[in-house]
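These notes concern the structure reproduced below.
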Amino acid sequence: MSKKIPFNVPYTTGDEIKLIKQVIRSHHIGGSGEYTRRCQTYLSNKYGFKKALLTTSCTDALEMSALLTNIQPGDEVIVPSYTFVSSVNPVIMRGAKIVFADSETNTPNIDATKLESLITKKTKAIIVVHYAGVACDMDPILALAQKYHLSIIEDAAHSTDSYYKNKALGTLGDLGTFSFHETKNITCGEGGLLVINKDKYIDRAEIIWEKGTNRASFLRGEINKYSWVDVGSSFLPSEILAAYLWSQIQNLTKIQKMRKKIWNIYYDGLADLHKNGDIRLPHLPEYATNNAHLFYFVCENLKTRNNLIQYFRTKNIAIAFHYQALHISPFYKKKYKGERLENAERYSDRLLRLPLYPTLSAQEQTRIILELHKYFKGK
Ligand SMILES: *Cc1c(COP(=O)(O)O)cnc(C)c1O
C-alpha cells in the first residue's frame with residue numbers, strides 16, 4: 001500500500017517554540033499583549049483594516065458581530081445555507097430568526113440576485129461567506145444593505161489574503177471575521193480575528209472583547225481605573241497563541257506562494273476531466289482573487305462523489321466533502337419553512353476537496369491527479 005496522504009497538515013514555520021518561550025519568560029501569558037498588538041497592527045496595515053481584534057476563534061468573532069450589530073429577538077438575518085454552523089449559531093443565540101439563502105449556480109457563494117426577495121421589515125443583517133476565499137459579488141449586496149439599512153457581516157474564515165476588486169476581504173462589510181483554525185491558511189491551532197470597519201463599533205468592540213469592561217482603554221492609559229460598562233465575554237486569546245500566530249504571519253507570503261502553486265497544479269492537471277464533463281472545476285469570477293484556501297471540484301452526482309471517496313480510501317488518500325446544507329440539518333429541518341435551495345443541496349451532495357497544504361509533495365500531488373484520471377477512465 002502506498003504511503004497515506006492526509007487531508008490536511010498544518011504548516012509550521014519552525015519559529016513557534018522560540019517565540020512562545022519569549023512569551024513565557026516575559027510573564028505576560030494572558031491576552032492583549034505585545035504579540036496580540038503585533039498581529040493586529042501588521043494585518044491592519046497590510047489589508048487596510050480600520051480596527052482589528054484577535055479573538056479565540058472565528059466563531060467568537062461572529063458572536064461579537066451579532067452583539068455589535070444588536071441582533072435580537074424579532075430580527076431576521078439572511079445567511080447562506082451552504083456554510084459552517086458558526087455563521088448561523090450566533091443568530092440563534094441572540095434569539096433572532098435565520099433566513100436561509102441559496103448559493104450561486106457557478107460558485108457555492110450566496111446568490112446576490114436572489115437576496116432582495118428575502119428581505120422583510122424585520123431583516124437586520126446579511127452574513128456573507130466567501131467560500132474557498134473567493135469573494136461573493138459584494139457590490140449588489142452592499143447596494144441592498146444601503147437601500148434597506150442592513151448590516152453586512154463577512155464571514156471571511158477562508159479569506160486571509162484575498163480580494164474583491166482590489167479591496168481585501170473583511171473590509172467590505174461593517175464587520176469581518178477571520179479564522180486561524182488548524183485547517184486555515186495561517187493558524188495558531190484555534191484563533192480568529194474581528195475586523196471593524198465602522199467607527200461607531202470600535203469602542204464597543206473593545207469593551208465586548210474585554211468581558212464588558214473598558215480595560216483596553218485603561219491599558220492605554222486613557223483612564224485611571226477600569227469598570228464594568230457593558231455586556232461582554234472572554235473573546236481574547238492568550239499571548240502564547242498570538243506568538244504562534246505571529247510566526248505564521250511573518251511567513252504568510254511564503255505560505256501563500258506554496259499554496260497557490262499546488263492549487264494551480266491541480267487546476268491544470270484536471271483540466272481535461274473538466275473538459276470531458278467528468279468533473280466541474282471551480283469558477284473564479286473576474287472580480288475575485290484566489291487565495292488557494294482549498295481546492296474543490298463538483299461531481300456529476302452524489303453517487304460519483306461517494307464512489308470517489310471510497311476509491312481514494314482504498315488508495316490511502318484522504319479526500320473530503322464539505323458543508324451539509326444547514327436548512328436541512330437535523331437541528332433545523334423541522335423549523336425550515338422556505339423553498340428548496342437547490343444549489344446549496346447540490347454542493348452538499350457533489351462537492352469534493354483534495355489535500356492542499358504547503359508540505360504536500362509534488363510526487364503526492366502527481367499520485368492524486370493520476371488516481372482521479374484512473375477512476376474516470378475505469379468508470
Ligand atoms: C472555519 C470556519 C469557521 C469557524 O472558524 P473557527 O475559527 O474554527 O471558529 C466559520 N465559518 C467558516 C466559513 C469556516 O470555514
Side-chain angles (χ1 to χ4, degrees), residues 7-8 10-11 31 36 39-40 43 52-67 77-93 98 100-101 103-104 107-110 125-136 138 152-162 164 169-170 172-173 175-195 209 233-238 241-242 244-245 248-249 259 282 288 291-296 320-327 329 331 344 347-348 351 353 356-357:
F7 181 69
N8 183 49
Y11 183 73
T36 298
C39 293
Q40 290 174 173
L43 293 172
L53 294 172
L54 274 196
T55 57
T56 45
S57 64
C58 181
T59 304
D60 270 356
L62 286 159
E63 285 177 24
M64 287 181 75
S65 302
L67 283 166
V77 178
I78 300 173
V79 194
S81 175
Y82 193 76
T83 184
F84 190 55
V85 290
S86 295
S87 322
V88 294
N89 268 324
V91 176
I92 300 250
M93 287 164 75
I98 300 169
F100 281 114
S103 299
E104 297 178 314
T107 82
N109 284 340
I110 198 164
I126 302 175
I127 301 176
V128 300
V129 182
H130 307 294
Y131 185 80
V134 174
C136 297
M138 291 306 291
I152 299 290
I153 300 165
E154 294 176 76
D155 179 343
H158 297 185
S159 307
T160 299
D161 203 45
S162 207
Y164 172 78
L169 299 190
L172 295 136
L175 299 158
T177 66
F178 288 87
S179 174
F180 307 124
H181 181 256
E182 67 173 35
T183 51
K184 306 302 202 283
N185 290 30
I186 52 169
T187 179
C188 56
E190 300 276 0
L193 186 79
L194 175 70
V195 171
W209 190 61
S233 191
S234 184
F235 288 118
L236 69 176
S238 153
L241 289 176
Y244 193 111
L245 185 65
Q248 298 256 320
I249 287 174
R259 294 188 76 97
N291 71 343
H293 170 55
L294 55 85
F295 190 90
Y296 77 88
F321 57 90
H322 210 182
Y323 303 129
Q324 296 301 287
L326 295 174
H327 69 290
S329 62
F331 180 67
Y347 288 113
S348 306
L351 185 145
R353 294 172 297 156
L356 196 171
Y357 39 89

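Counting begins at 1 with the first residue of the sequence. For ligands, and for the atoms within them, numbers begin at 1 and follow the listed sequence. Since we're looking at a predicted model, the values are computed, not measured.
- The ring of Tyr296 has its center closer than 6.0 angstrom to the ring center of Tyr131.
- The residues lining ligand 1, counting any heavy atom closer than 4.0 Å, are Ser57, Cys58, Thr59, Phe84, Ser86, Val129, Asp155, Ala157, His158, Ser179, His181, Lys184, Gly191, Tyr323.
- Shown here are the side-chain hydrogen bond (donor to acceptor under 3.5 Å, both in side chains) partners of Thr36, two or more places apart in sequence or in another chain: Glu239.
- The side-chain hydrogen bond (donor to acceptor under 3.5 Å, both in side chains) test applied to Ser234 returns no partner, not counting sequence neighbours.
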Verify side chain to side chain donor-acceptor pair (under 3.5 Å) between Thr160 and Asn185, making sure each step is shown before the conclusion.
CA-CA 7 Å; Thr160 299; Asn185 290 30; over 6 Å; no
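- Between Met138 atom CE and Ile110 atom CD1 the span is 9.5 Å, to the nearest 0.5 Å.
- Here Asn89 pairs with nothing under the side-chain hydrogen bond (donor to acceptor under 3.5 Å, both in side chains) rule; sequence neighbours left out.
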